[in-house]
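Below you'll find the structure, written out as structure tokens, and then a few comments.
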Amino acid sequence: MINSIRILKKLIFVALPIFIIHVLLFNTNLITGNEADFYYSIPLLYGLFFMLSAVILIIVTKISEKNFDNTGMVFMIATSIKMVVAFFLVRPILPLEDNKIEKINFFAIFILFLLFETIIVAKILNKK
């Protein structure tokens, strides 16, 4: 349990500043896109991907404590499930021609959290 809390703290401390910068970019009009026209808001995407990443990291942490040999496989399966969820979330956005900034936002946030997960799981795997 303590390892899970420590890992979630790492995720929060990395994701929160990036979220704040991302929101500030759109509020100061540095990026020419109207966030009000987005299908999914930026805070909603960060919230969804944070929750998915948190669940994946907690599961991987628990598995690494109980059966370390299956840690990598569990991470790959959980990440694959997350990709399927992301695909169904992005389906309404894909056919829109005039909303390229929203597509970039979605995929950037997805890849950002995937990167966080991968780095944290790599550290878990290197400990043993």
Side-chain angles (χ1 to χ4, degrees):
M1 182 67 176
I2 294 172
N3 287 338
S4 298
I5 293 172
R6 193 169 354 127
I7 287 174
L8 289 178
K9 283 182 184 178
K10 286 181 186 178
L11 184 63
I12 290 170
F13 287 132
V14 173
L16 189 62
I18 294 173
F19 167 70
I20 292 169
I21 292 169
H22 197 161
V23 170
L24 287 176
L25 282 174
F26 278 92
N27 287 342
T28 58
N29 292 328
L30 290 176
I31 298 177
T32 57
N34 192 358
E35 185 187 354
D37 293 339
F38 285 0
Y39 194 83
Y40 299 113
S41 68
I42 293 172
L44 177 68
L45 287 176
Y46 272 92
L48 286 171
F49 284 119
F50 178 82
M51 295 307 273
L52 289 171
S53 294
V55 167
I56 289 172
L57 290 174
I58 289 171
I59 290 171
V60 168
T61 304
K62 295 295 180 190
I63 294 297
S64 72
E65 292 170 357
K66 299 208 185 238
N67 189 359
F68 186 75
D69 294 336
N70 292 333
T71 304
M73 188 62 67
V74 168
F75 174 68
M76 289 174 52
I77 291 169
T79 303
S80 297
I81 292 169
K82 178 183 171 183
M83 291 174 108
V84 169
V85 170
F87 172 73
F88 284 111
L89 287 173
V90 80
R91 281 184 69 188
I93 301 171
L94 288 177
L96 303 175
E97 291 293 326
D98 59 339
N99 221 351
K100 292 181 183 179
I101 292 177
E102 184 175 10
K103 293 175 191 177
I104 293 170
N105 266 340
F106 187 90
F107 289 113
I109 295 169
F110 174 76
I111 293 193
L112 183 74
F113 278 97
L114 182 63
L115 177 69
F116 296 159
E117 291 170 19
T118 305
I119 290 171
I120 293 172
V121 170
K123 287 182 181 182
I124 291 171
L125 289 172
N126 283 334
K127 283 185 181 177
K128 301 204 177 180

Check: Glu102 side chain, Ile93 main-chain N or O, donor-acceptor pair, under 3.5 Å: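 Between the backbone of Ile93 and the side chain of Glu102 there is no qualifying donor-acceptor contact (under 3.5 Å).
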Point-to-point distance, once rounded to the nearest 0.5 Å, from [atom1] of [X] to [atom2] of [Y]:
{"X": "Tyr40", "Y": "Ile109", "atom1": "OH", "atom2": "CD1", "answer": "12.5 Å"}
{"X": "Phe110", "Y": "Asn105", "atom1": "CZ", "atom2": "CG", "answer": "15.0 Å"}
{"X": "Leu52", "Y": "Met83", "atom1": "CG", "atom2": "CE", "answer": "12.5 Å"}
{"X": "Ile12", "Y": "Ile5", "atom1": "CD1", "atom2": "CD1", "answer": "10.5 Å"}
{"X": "Leu57", "Y": "Ser64", "atom1": "CG", "atom2": "OG", "answer": "10.5 Å"}
{"X": "Glu65", "Y": "Ile124", "atom1": "CD", "atom2": "CD1", "answer": "9.0 Å"}

Do [X] and [Y] land in one hydrophobic cluster if side-chain heavy atoms of ILVMFWY residues count as linked below 4.5 Å?
{"X": "Leu48", "Y": "Ile104", "result": "no"}
{"X": "Ile7", "Y": "Phe13", "result": "no"}
{"X": "Ile42", "Y": "Leu44", "result": "yes"}
{"X": "Met51", "Y": "Tyr46", "result": "yes"}

Connected hydrophobic set around Ile81, excluding itself, where side chains approach under 4.5 Å: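 In the cluster with Ile81 are Met73, Ile77.
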Side chain to side chain donor-acceptor pair (under 3.5 Å) contacts touching residues 70-80 (sequence neighbours left out):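 Passing the test, one end in residues 70-80: no pairs.
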Residue list, ring pair (Phe, Tyr, Trp, His ring centres under 6.0 Å) with Phe50, at least two apart or on another chain: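 For Phe50, no residue satisfies ring pair (Phe, Tyr, Trp, His ring centres under 6.0 Å) once neighbours in sequence are set aside.
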Contacts of Phe75 that satisfy ring pair (Phe, Tyr, Trp, His ring centres under 6.0 Å) - sequence neighbours left out: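 Testing Phe75 for ring pair (Phe, Tyr, Trp, His ring centres under 6.0 Å), a comparison that skips the adjacent residues, returns none.
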Contact summary for Ala54 and Leu11, nearest pair of heavy atoms: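 In this case the closest contact between Ala54 and Leu11 is N-CD2, 4.0 Å.
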Residues that Phe88 engages under side-chain contact (heavy atoms from CB on, under 4.5 Å), provided they are two or more places apart: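 side-chain contact (heavy atoms from CB on, under 4.5 Å) check on Phe88 returns Val84, Arg91.
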CA sep, side-chain torsions, deciding dist, call: Leu89, Phe106, side-chain contact (heavy atoms from CB on, under 4.5 Å): CA-CA 9 Å; Leu89 287 173; Phe106 187 90; 3.8 Å; yes
Side-chain atoms of residues 112-122: list all donor-acceptor pairs with protein atoms under 3.5 Å, sequence neighbours left out, distances to 0.1 Å.
residue: Glu117; atom: OE2; partner: Ser53; partner atom: OG; Å: 2.6
residue: Glu117; atom: OE2; partner: Lys82; partner atom: NZ; Å: 2.6
residue: Thr118; atom: OG1; partner: Leu114; partner atom: O; Å: 2.7

